[in-house]
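It should be emphasised that the depicted structure is a prediction, and the values quoted were computed from it without experimental measurement. All values below come from the heavy atoms of this structure, side chains included, with hydrogens, waters and symmetry mates left out.
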Amino acid sequence: MLDITAIGEVLIDLTQTGFNENGIPLFAANPGGAPANVAVAAARLGAKTAFAGKVGRDGFGTYLRQVLSDNGVDVSRLRSGKEPTTMAIVSVDASGERDFQFVRGSDCTITPEEVDEKLVERSKVLHFGSVSLTRGTARNATIFAARSARQAGVLVSYDPNYRAALWSSEREAQEWMCIPLPLVDVLKISEEELPLLTGTRDLDEGTRLLEARGIRLILVTLGSEGVFCRWQGDSWSQPGEKVRVADTNGAGDTFFGAVLSRLCQREGKKPLEDLSAGELQEILTFANRAASITCSRSGAIPAMPTLEEMKQ
């Protein structure tokens with residue numbers, strides 16, 4: 001039995017690291033992709049994870065496969081296609097905030113036929129994000145995986161991470177980002193993304209509307225302020241940990257990976273079974289701390305903490 005199977009994009013984050021003596025930006029080729037990040041973050045924190053997606057038959061694809069494997073993620077369902085490995089070009093400003101531009105490739109081409117239903121069915125959680133809903137056959141593959149998980153009684157988690165550059169319009173993004181919601185049990189969304197799915201910026205009202213759609217656990221990330229949570233009709237804010245920021249890339253994925261890993265490792269229970277507010281608050285405190293460690297270092301996957309670091 002696996003704890004978490006993540007489906008979606010794994011890619012190269014060409015992340016700005018500074019400038020050379022001539023003022024030319026310098027970039028590092030970091031491994032990334034939100035669902036892959038979540039799989040790695042959870043694996044580093046003790047969960048058994050797998051990743052289903054597609055890379056190119058190129059050096060970057062080989063590198064990404066090795067990175068996932070080295071971090072304890074099962075890559076037996078990571079496909080290789082004729083299109084090149086996808087890249088995200090991440091520019092970072094002085095405060096650590098990011099600007100994304102994408103060069104899409106193989107991640108868009110995974111098909112429903114390439115989704116292993118048995119892998120999904122033997123997982124406690126299926127996790128995905130909205131980037132794989134932006135184009136290509138990956139749309140169908142992602143929805144197919146979520147439906148398969150739902151039918152098998154597998155917990156479905158979703159991160160509707162909005163990247164404006166990947167959509168033809170905000171209306172298209174809203175439509176596709178909302179399509180999977182009836183299948184979702186756990187939702188992680190940023191404060192900026194909340195209006196796209198609910199039409200309101202009010203945290204309490206927005207999460208109430210999402211809960212009314214059948215989503216059981218809703219987490220709204222608030223950057224350095226922590227997270228707003230709605231669970232079983234109650235809502236509260238869980239403060240974050242202050243840290244000197246080096247790079248916010250991967251912080252939200254670390255947070256969500258930490259939450260899912262802790263939910264999956266509840267002894268003798270399913271992820272949300274008999275989950276008390278007190279236990280959930282402890283999980284969120286743990287996840288906020290994990291995210292703060294990631295923020296204090298550069299890159300996404302390379303910056304994620306291990307379970308040993310969290311115990312220190």
Find the distance between [atom1] ([X]) and [atom2] ([Y]) and round it off to the nearest 0.5 Å.
X	Y	atom1	atom2	answer
T294	R44	OG1	CZ	8.5 Å
L272	C264	CG	SG	9.0 Å
D58	S106	CG	OG	7.0 Å
T49	H127	OG1	NE2	11.0 Å
N161	L166	CG	CG	9.0 Å
E191	R201	CD	CZ	8.5 Å

Do [X] and [Y] make a side-chain contact, defined as non-hydrogen atoms from C-beta onward lying under 4.5 Å apart?
X	Y	answer
W236	L280	yes
E282	R262	no
M177	L196	yes
D13	I301	no
L133	W167	yes
V184	R213	no
V220	L222	yes
I293	M310	yes

Side-chain heavy atoms nearer than 4.5 Å, only ILVMFWY residues, links allowed to pass through others: does that put [X] and [Y] together?
X	Y	result
V67	M304	yes
L14	L11	no
V156	V120	yes
L197	I218	yes
I179	I215	yes

Identify the heavy atoms of [X] and [Y] that sit nearest to each other, and give their distance.
X	Y	value
I4	A47	CD1-CB, 4.4 Å
A258	A290	CB-CB, 4.1 Å
S276	E279	OG-N, 3.1 Å
L210	T198	CG-CG2, 3.7 Å
L68	A36	CD2-CB, 4.2 Å
F60	A29	CE2-CB, 4.2 Å

Between the side chain of [X] and the main-chain N/O of [Y], is any donor-acceptor distance below 3.5 Å?
X	Y	value
S261	A42	no
S296	R244	no
T86	G105	yes
S123	L126	no
R266	E273	yes
N22	I24	no
R139	T134	yes
N288	F255	no
Q238	Q281	yes
S69	Q66	no

Between [X] and [Y] (salt bridge meaning N to carboxylate O under 4.0 Å), is one present in this structure?
X	Y	answer
D3	K124	yes
R208	E211	no
K242	E225	yes
D74	K48	no

[Y] and [X] side chains, donor-acceptor separation under 3.5 Å:
X	Y	answer
S169	E172	no
S80	R65	yes
E121	S148	no

Cationic tip of R163 above F102 ring, under 6.0 Å, 45° of axis: no
From CA spacing to verdict: side-chain contact (heavy atoms from CB on, under 4.5 Å), D185, R150: CA-CA 9 Å; D185 298 293; R150 186 75 167 189; 3.0 Å; yes
Side chain to side chain donor-acceptor pair (under 3.5 Å) evaluation trace for T207 with S235: CA-CA 8 Å; T207 55; S235 61; 5.5 Å; no
Parallel, tilted or perpendicular: ring planes of F128 versus Y158, cut at 30 and 60 degrees: parallel
R104 vs V131, side-chain contact (heavy atoms from CB on, under 4.5 Å): CA-CA, chis, key distance, verdict: CA-CA 11 Å; R104 302 301 292 278; V131 169; 3.9 Å; yes
Trace of the side-chain contact (heavy atoms from CB on, under 4.5 Å) decision for D159 with D253: CA-CA 9 Å; D159 177 8; D253 301 325; 3.9 Å; yes
Whether over 12 other heavy atoms sit under 6.0 Å from R122 CZ: yes
Working for side-chain contact (heavy atoms from CB on, under 4.5 Å), residues E170 and Y162: CA-CA 9 Å; E170 188 173 290; Y162 177 59; 4.2 Å; yes
